[in-house]
Trainee: 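Take a look at this one; I'll ask things after.
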Amino acid sequence: MATKEHGSMTKADIIENVYEKVGFSKKESAEIVEMVFDTIKGDAGAREKIKISGFGNFVIRSKKPRVGRNPQTGEEIEISARKVLTFKPSQVLKNALNAAIGAPTTETKASGG
């Protein structure tokens, strides 16, 4: 696998993984990954939630305007209203992540072991 042991995964790493696992050319793999990202980006503006079964949910939340402070000067500034995208992993993804680090999963806890 092309990903690093520790650190972040980049779009190039995802493309490399698709290339290695599916057998398409690198160009085709890059186009597929771009199409998936473009689909998610395009739908993010039109929907409040993007649910990817077994992976998680991308949820758009509206944040109200609020007063913040400039950390260097202490000056109060108004932070305008905006939309933010949050990600909530599915239980399947949480279990996979915990299994990768050897932590007990929800299923293990529920069975008492």
Trainee: Look up atom CD1 in I79 and atom CD1 in I77, then write down how far apart they are to the nearest 0.5 Å.
Mentor: 5.5 Å

Trainee: Below 3.5 Å, can you tabulate the donor-acceptor pairs from side chains in residues 82-89 to any protein atom, sequence neighbours excluded?
Mentor:
unit_1: R82; atom_1: NH1; unit_2: S80; atom_2: O; d: 3.4
unit_1: T86; atom_1: OG1; unit_2: V59; atom_2: O; d: 3.2

Trainee: To the nearest 0.5 Å, tell me how far S8 OG sits from D13 CG.
Mentor: 7.5 Å

Trainee: Measure the shortest side-chain to side-chain distance between I50 and I40 over non-hydrogen atoms and say whether it is less than 4.5 angstrom.
Mentor: yes

Trainee: When rounded to the nearest 0.5 angstrom, what is the spacing between NZ in K51 and CZ in F58?
Mentor: 14.0 Å

Trainee: Under a 3.5 Å distance rule, please check whether N98 uses its side chain to pair with a backbone N or O of K94 as donor and acceptor.
Mentor: yes

Trainee: Regarding R66 and E78, does a basic nitrogen lie under 4.0 Å from an acidic carboxylate oxygen?
Mentor: no

Trainee: Distance check, rounded to the nearest 0.5 Å: I15 atom CD1 versus E28 atom CD?
Mentor: 13.0 Å

Trainee: Are I32 and I52 connected in a single hydrophobic cluster, I mean Ile/Leu/Val/Met/Phe/Trp/Tyr linked by side-chain heavy atoms less than 4.5 Å apart?
Mentor: no

Trainee: In the hydrophobic clustering that connects Ile, Leu, Val, Met, Phe, Trp and Tyr at side-chain heavy-atom distances below 4.5 Å, which members other than V92 occupy its cluster, ordered by chain and number?
Mentor: none

Trainee: Rounded to the nearest 0.5 Å, how far does OG of S29 lie from CD of E34?
Mentor: 12.0 Å

Trainee: Run the salt bridge (charged side-chain N to carboxylate O under 4.0 Å, His left out) test on R61 and E48 for me, step by step, so that the C-alpha distance in whole Å, both residues' side-chain angles and the decisive distance to 0.1 Å come before the verdict.
Mentor: CA-CA 8 Å; R61 291 184 29 224; E48 291 296 313; over 6 Å; no

Trainee: Please report the interatomic distance CE(M9) to CD1(I14), rounded to the nearest 0.5 Å.
Mentor: 6.0 Å

Trainee: For N17, does its backbone N or O pair with a side-chain atom of E20 as donor and acceptor, under 3.5 Å?
Mentor: no

